[in-house]
Amino acid sequence: MLVAPSILSADFGNLASDVQAICDNGCDLVHVDVMDGHFVPNLTIGPVVVEAVAKATTKPLDIHLMVENNSFFVDLFAPLKPEFISFHIEEEKHPHRLIQKIRALGIRPAIVLNPHTPVEAIEYLLEDLDMVLLMSVNPGFGGQKFIPSVIAKAQRLKQLITAINPACLIEVDGGVNGENITLLADAGVDVVVAGSFVYKHPNGVKEAIDSLKV
Ligand code: DX5
Ligand code: ZN
């Protein structure tokens with residue numbers, strides 16, 4: 001299992017050291033939640049802060065856009081050379097065009113599905129994607145409760161991916177912890193995002209990250 005801690009649960013007063021802490025303790029990607037206050041009822045960070053994260057990290061960035069104007073935000077973050085940029089299918093009229101744009105910028109394209117969105121919504125995009133992110137909470141906030149139906153959804157997506165594009169990764173985001181990690185691994189999930197579980201773990205980020213590496 002690859003582990004992508006979400007810096008949304010970090011201490012923003014000590015952001016650089018909180019980013020270094022996950023990088024020094026075995027994380028695989030640094031997950032960055034960009035919210036615009038329109039697509040989701042929360043507002044987080046823009047290029048100035050993400051630039052500071054990019055400076056502090058020794059691991060690749062996984063930028064999760066929760067915004068209305070995806071193409072504009074792709075242009076904003078592309079100079080930071082993230083590994084992945086993911087955008088929500090619910091908020092994009094021309095997803096195929098945007099996938100091509102992200103790839104042309106040298107970034108790996110990913111699509112995010114909200115809890116209600118069926119995997120069939122992206123069936124004809126799978127061959128062009130490097131990752132699909134399944135939300136296991138409603139996007140907008142850290143620290144929410146895991147929605148268990150994502151397990152069956154991941155299994156179904158795994159079948160489609162195996163048939164269409166086996167190299168495409170499955171990522172799950174929201175409410176991931178030491179209890180649901182084995183179910184996620186068994187369902188074929190490759191990458192988990194974890195915010196509060198990692199940053200609020202009583203025994204520190206190393207133990208939290210280690211316990212997700214199943
Ligand atoms: C929610 C974000 C998540 C969030 C995860 O909209 O996409 O990445 O930070 O936080 P936890 O792991 O606390 O649910
Ligand atoms: Zn996220």
Side-chain angles (χ1 to χ4, degrees), residues 1-12 15 18-19 21-22 25 27-46 49-50 53 57 59-68 70 73-74 77 82-91 108-117 130-151 153-154 169-181 183-185 189-202 204-205 207-214:
M1 184 67 77
L2 299 176
V3 179
S6 163
I7 56 154
L8 192 59
S9 295
D11 172 5
F12 274 66
L15 190 53
D18 268 11
V19 170
I22 52 172
N25 286 290
C27 83
D28 299 286
L29 294 162
V30 174
H31 187 83
V32 178
D33 289 303
V34 176
M35 307 183 190
D36 68 349
H38 295 280
F39 177 61
V40 286
N42 195 7
L43 184 61
T44 57
I45 54 179
V49 178
V50 183
V53 174
T57 189
K59 299 290 172 68
L61 297 183
D62 173 29
I63 297 185
H64 175 190
L65 297 179
M66 285 159 273
V67 299
E68 273 188 354
N70 286 302
F73 283 88
V74 167
F77 294 118
E83 176 87 2
F84 292 99
I85 290 185
S86 58
F87 64 88
H88 276 259
I89 190 72
E90 300 86 8
E91 194 52 56
R108 302 177 72 189
I111 284 188
V112 195
L113 307 186
N114 270 338
H116 74 278
T117 305
D130 282 7
M131 188 160 77
V132 176
L133 169 46
L134 300 179
M135 290 308 299
S136 41
V137 297
N138 287 295
F141 303 93
Q144 302 181 80
K145 203 171 163 286
F146 183 80
I147 300 172
S149 61
V150 77
I151 300 287
K153 196 170 172 181
L169 300 171
I170 301 178
E171 184 177 40
V172 167
D173 183 2
V176 171
N177 58 36
E179 274 149 41
N180 49 38
I181 190 67
L183 284 173
L184 290 164
V189 174
D190 305 289
V191 188
V192 284
V193 176
S196 46
F197 180 72
V198 168
Y199 278 111
K200 314 268 185 249
H201 197 285
V205 297
E207 194 167 316
I209 292 171
D210 283 350
S211 67
L212 297 176
K213 295 230 158 204
V214 294

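Start at 1 and go down the list; that is how both ligands and their atoms are numbered.
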Exercise for the section: Considering just N/O/S atoms, say which atom of His64 is closest to the Zn ion (ligand 2). Expected result: ND1
Fill in the blank from the handout: Atom name of the N, O or S atom of Asp173 nearest to the Zn ion (ligand 2) is OD2
Would you mind listing which atoms of ligand 1 come within a distance below 4.0 Å of any non-hydrogen atom of [X]?
{"X": "Met35", "answer": "6 (O)"}
{"X": "Met66", "answer": "6 (O), 7 (O)"}
{"X": "His64", "answer": "7 (O)"}
{"X": "Val193", "answer": "8 (O)"}
{"X": "Gly174", "answer": "14 (O)"}
{"X": "Gly175", "answer": "11 (P), 12 (O), 14 (O)"}
{"X": "Ala194", "answer": "12 (O)"}
{"X": "Asp173", "answer": "2 (C), 3 (C), 4 (C), 5 (C), 7 (O), 8 (O)"}

Okay, side chain of [X], backbone of [Y]: is any donor-acceptor separation there less than 3.5 Å?
{"X": "Asn70", "Y": "Phe73", "result": "no"}
{"X": "Lys153", "Y": "Leu134", "result": "no"}
{"X": "Ser86", "Y": "Ala110", "result": "no"}
{"X": "Glu90", "Y": "Asn114", "result": "yes"}
{"X": "Asp36", "Y": "His38", "result": "yes"}
{"X": "Thr44", "Y": "Met35", "result": "yes"}
{"X": "Gln144", "Y": "Asn138", "result": "yes"}
{"X": "Asp18", "Y": "Asp11", "result": "yes"}

Problem - Close approach of Phe141 to ligand 1, heavy atoms, under 4.0 angstrom - result: yes
Problem - Short N or O distance, Asn138 and ligand 1, threshold 3.5 Å exclusive - result: no
Problem - Heteroatom proximity flag, Gly143 to ligand 1, N/O under 3.5 Å - result: yes
Practice task
Could you tell me which non-hydrogen atom of Val214 sits nearest to which non-hydrogen atom of Ala185, and how far apart they are?
Solution key: CG2-CB, 3.7 Å
Exercise for the section: Taking all non-hydrogen atoms of both residues into account, name the closest pair between Tyr199 and Ser9 and its distance. Expected result: CB-O, 3.4 Å
Protein contact to [atom] [nearest heavy atom, distance to 0.1 Å]:
{"atom": "atom 2 (C) of ligand 1", "answer": "Asp33 OD1, 3.4 Å"}
{"atom": "atom 13 (O) of ligand 1", "answer": "Ser196 OG, 2.5 Å"}
{"atom": "atom 12 (O) of ligand 1", "answer": "Gly195 N, 2.7 Å"}
{"atom": "atom 10 (O) of ligand 1", "answer": "Gly142 CA, 3.5 Å"}
{"atom": "atom 6 (O) of ligand 1", "answer": "Gly140 N, 2.8 Å"}

Exercise for the section: Let me know which of Asp173, Ile7, Val40 forms a side-chain contact (heavy atoms from CB on, under 4.5 Å) with Asp33. Expected result: Asp173
Practice task
Please note down the angle at the Zn ion (ligand 2) between OD1 of Asp33 and NE2 of His31, to the nearest 10°.
Solution key: 90°
Handout entry: Parallel, tilted or perpendicular, as decided by the 30° and 60° cut-offs, for the rings of His88 and His64
Key = parallel
